[in-house]
Amino acid sequence: MKKNTYKSKRFLIPILSLVLISIILIASITSYISINIFKTHMQEEIDATKKEYTQEHKERVYRNVKFVNSSIEFNISKIEEKLKASLKEKIETALHIATFTYNTYKDSHNKEELKEKIASALSSIKFYDNRGYYFMYDNKTKIIFGHPMKKFIGKDMTNFKDAKGRNLMETDAKILEKNKIGFNKIYFTKPKDENRQFPKITCITIFKPLNIVLGIGEYLDVIENQTKKHVLERFSQDNFNNGDKYIVILDLHDINGGEEFATVLLNSNKKDLIGKKVSDKVVDIKGNRFRKDFLDLIKEKGEGFTQYWYKKPSTNEPALKVSYVYLQKDWNWIILSGFYYEDLEEQISIMKKSILTHTNNTINKTLIWVSILCLIAIFTAIYLSFKIDNTIKEYTNKIIEHEDNKRKQQNLLIQQSKMAAMGEMLANIAHQWRQPLSAISTAATGVKLQKEINCLTDKDFDSALTSINSSAQYLSHTIDDFRNFFNPNNSKVQEFNITKTFNKILSILSAQFIAKKIEIIKNIENIKLSSIENELMQVLINILNNSRDVLEKIEDQKRLIFIDSYKNQKNLIIEIKDNAKGISEEIIDRIFEPYFTTKHKSQGTGIGLYMSKSIIEKHLKGSITVTNTTYTYENMKYKGAKFTIEIPIEKV
């Protein structure tokens with residue numbers, strides 16, 4: 001065989017080209033990655049700035065709105081506290097007047113007369129610009145006998161309900177069960193306006209000697225108006241409104257919207273709108289009915305953020321605005337505070353300029369370094385090309401030599417495998433032919449002897465010829481089986497039945513197994529598969545022959561081989577086990593190695609199982625494993641080796 005040799009080549013130009021291309025490519029990729037990193041970083045900074053700016057300003061406007069609401073709630077609570085204290089003081093005065101009147105006239109007047117005296121004394125007393133007055137009713141009958149509005153005097157108030165549907169007598173009774181002096185929040189008419197009911201706080205107590213309820217109250221709308229004025233004055237001051245940052249308050253008339261759904265109470269940047277009614281039909285420059293949007297928001301949630309376009313006070317131009325909207329339910333006010341995104345865009349513009357300047361500087365520096373590296377690379381490549389040329393020459397020659405040796409060993413291994421298989425087949429042919437050849441010889445000798453002694457009948461002659469013909473046919477059939485096994489045309493992927501395959505194998509091997517008194521127990525499912533039948537047969541014959549060889553040494557028990565085959569999902573499983581007491585645990589992991597054998601050198605080459613594993617894995621795309629197993633058969637416990645083959649049923 002002609003030996004391959006390495007032909008020297010010059011690597012200067014390829015290496016220079018490779019190095020230069022690599023440097024330029026790396027520099028380009030680096031620059032591209034750097035630019036993208038900067039862009040990504042810039043975008044991340046922009047996103048972070050937007051998020052931070054938005055979050056910070058959202059928190060600010062949220063705090064502003066909540067502060068206004070807290071101030072309103074604080075004023076409401078303080079006013080109610082002061083009002084309750086004032087009413088309590090006045091009801092205590094009424095108790096003193098009632099007690100004095102009662103003690104003065106109790107001996108000379110009956111109870112009804114005493115009630116009239118007390119009512120007369122209290123009815124002349126007025127408070128809060130004549131809005132406040134005393135009223136009295138019988139705690140048992142619920143009939144009013146003292147009230148500045150004459151229509152209620154003598155009226156049974158048992159079932160009287162206010163504008164909110166609350167029964168006043170029942171709520172008073174529940175309050176007085178727990179308190180000597182109690183307070184109730186009701187809706188009631190005014191002396192000067194008996195057509196409408198207004199929110200009112202009443203203070204009530206029981207004058208026990210006559211079992212009458214004394215009460216006094218004040219209308220909240222008057223006090224609320226004073227408080228609202230105070231709140232609006234407070235939040236219209238400059239420290240709550242600064243340029244584009246301001247608070248807006250609307251008095252809501254109809255939460256469902258309309259042409260005049262609210263009145264502007266506070267808008268320090270557009271004072272001309274104060275006192276005017278606004279419509280929800282107005283749209284911003286994007287065509288959105290922004291007031292309708294925040295009405296829908298407060299109807300659904302009561303508060304939240306909304307976004308729309310509105311004229312910015314500092315520029316008088318439309319700008320994107322985010323506002324926090326809140327419905328103050330006690331006063332039915334809509335409170336808004338917002339911020340504009342234009343200030344954020346200015347910050348982002350400055351940030352972009354800074355990052356772009358940095359990016360350009362980085363690109364310029366990268367180009368300078370690329371030029372320097374290219375020059376260094378040229379000189380380095382010239383030196384390296386010679387070194388690489390010599391190194392490649394040395395190692396290539398070694399590789400060529402190694403591959404030549406490897407190819408020779410592989411060819412030798414294949415040849416040894418073929419010779420071993422041929423030897424096994426010749427031994428099988430010898431065993432298969434021994435009995436039919438003996439039958440032919442016996443029949444021929446018998447006919448000859450009968451002829452010599454003149455006792456050969458036509459029947460005996462025909463019988464002998466039939467026996468000779470049957471044996472000859474059997475020999476011919478055996479030759480066909482072996483020829484098919486070694487026929488290279490059968491080493492192709494084709495569909496076959498595994499049951500028929502085992503029948504062919506056992507037909508070839510049966511003579512030797514019978515001679516060695518080895519019993520084969522089969523449990524083979526009738527399964528069709530697409531694979532290389534001859535190569536599978538070679539593996540199975542090899543495994544069965546190995547079992548035969550080790551069983552031949554067993555003398556103290558039956559000699560058994562079990563063959564099982566079944567389908568598992570998309571694979572065919574073949575299990576072959578014997579009762580030859582298994583394989584030593586020290587060597588079981590090595591039995592598929594080439595040239596490893598437990599037989600004498602004259603009996604085994606150590607390549608059978610190696611070639612079997614190679615065929616299963618490389619040609620049949622399957623797997624083969626071996627384990628020791630213990631099992632019971634016909635009430636006898638046995639131990640042996642079990643080979644498991646798994647191959648795809650369909651072509652891979």
Side-chain angles (χ1 to χ4, degrees), residues 420-421 423-436 438-439 474 478 481 485 498-527 536-566 568 572-592 596-600 602-604 606 608-609 612 624-646:
E424 290 286 349
M425 290 300 102
L426 290 174
N428 286 325
I429 290 172
H431 279 281
Q432 292 284 71
W433 280 18
R434 184 173 289 115
Q435 184 177 349
S438 175
Y474 178 80
T478 302
D481 285 343
F485 178 73
I498 192 63
T499 303
K500 292 182 179 179
T501 301
F502 271 110
N503 289 339
K504 293 178 187 177
I505 292 169
L506 295 176
S507 174
I508 294 171
L509 302 179
S510 59
Q512 288 205 50
F513 283 98
I514 293 170
K516 305 296 183 183
K517 296 181 180 180
I518 296 172
E519 182 182 355
I520 295 179
I521 298 94
K522 298 183 293 179
N523 182 19
I524 301 169
E525 291 185 10
N526 193 21
I527 299 168
L536 178 59
M537 288 178 64
Q538 183 178 343
V539 172
L540 296 173
I541 288 171
N542 193 24
I543 294 172
L544 290 169
N545 283 338
N546 281 350
S547 292
R548 179 203 63 202
D549 292 342
V550 292
L551 284 170
E552 188 178 355
K553 302 174 184 177
I554 301 299
E555 300 291 344
D556 57 346
Q557 63 183 32
K558 282 185 176 182
R559 298 170 181 174
L560 304 172
I561 294 177
F562 297 84
I563 302 174
D564 294 280
S565 74
Y566 55 91
N568 181 14
L572 172 70
I573 309 297
I574 299 173
E575 295 176 349
I576 300 174
K577 65 184 177 184
D578 56 39
N579 65 337
K581 301 183 180 180
I583 303 170
S584 171
E585 295 295 336
E586 296 177 357
I587 64 170
I588 194 169
D589 293 334
R590 298 185 58 201
I591 65 169
F592 291 114
F596 180 81
T597 181
T598 58
K599 303 176 185 177
H600 190 272
S602 62
Q603 294 179 307
L609 288 177
S612 296
I624 181 171
T625 57
V626 63
T627 57
N628 287 322
T629 183
T630 303
Y631 58 94
T632 301
Y633 178 70
E634 293 182 346
N635 298 323
M636 291 292 293
K637 191 173 183 180
Y638 297 110
K639 179 180 179 181
K642 181 173 78 171
F643 286 84
T644 302
I645 297 171
E646 185 172 354

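What you see below is based on every heavy atom in this structure, not just the backbone, and it leaves out hydrogens, waters and symmetry mates.
Using a 4.0 Å cut-off between charged side-chain N and carboxylate O, D556 and K581 make a salt bridge.
For the pair L551/K516, no side-chain contact is recorded, criterion being any heavy-atom separation below 4.5 Å from C-beta on. In this structure the side chain of I543 reaches within 4.5 angstrom of the side chain of I645, judged on heavy atoms. Side-chain contact check for T627 versus T644: every heavy-atom pair is 4.5 Å or farther apart. Between D578 and N546, the closest side-chain pair of non-hydrogen atoms is not below 4.5 Å. The closest side-chain heavy-atom distance from M636 to K558 is not below 4.5 Å.
When all heavy atoms of I591 and V626 are compared, the closest pair comes out as CD1-CG1, 3.4 Å. Closest heavy-atom contact between G582 and N628: CA-OD1, 3.3 Å. Closest heavy-atom contact between R559 and K517: CB-O, 3.6 Å.
The CD1 atom of I498 sits 6.5 Å away from the CG atom of L540 when rounded to the nearest 0.5 Å. Here N542 contributes atom CG and S612 contributes atom OG; the two are 4.0 Å apart, rounded to the nearest 0.5 Å. Interatomic distance, CD1 of I583 versus CZ of R590, reported as 13.0 Å (0.5 Å rounding). With rounding to the nearest 0.5 angstrom, the OH atom of Y638 is 14.0 Å from the OG1 atom of T629. Considering OG1 of T630 and NZ of K639, their distance stands at 6.0 Å, rounded to 0.5 Å. Between I576 atom CD1 and K642 atom NZ the span is 12.0 Å, to the nearest 0.5 Å.
Of the candidates T499, T501, I574, N503, I524 forms a side-chain contact (heavy atoms from CB on, under 4.5 Å) with just one, namely T499. The only member of I505, N523, I521, L544 that meets side-chain contact (heavy atoms from CB on, under 4.5 Å) when paired with I563 is L544. Of the residues listed (F562, Y633, Y631), the one engaging N579 in a side-chain contact (heavy atoms from CB on, under 4.5 Å) is Y631, and it is the only one.
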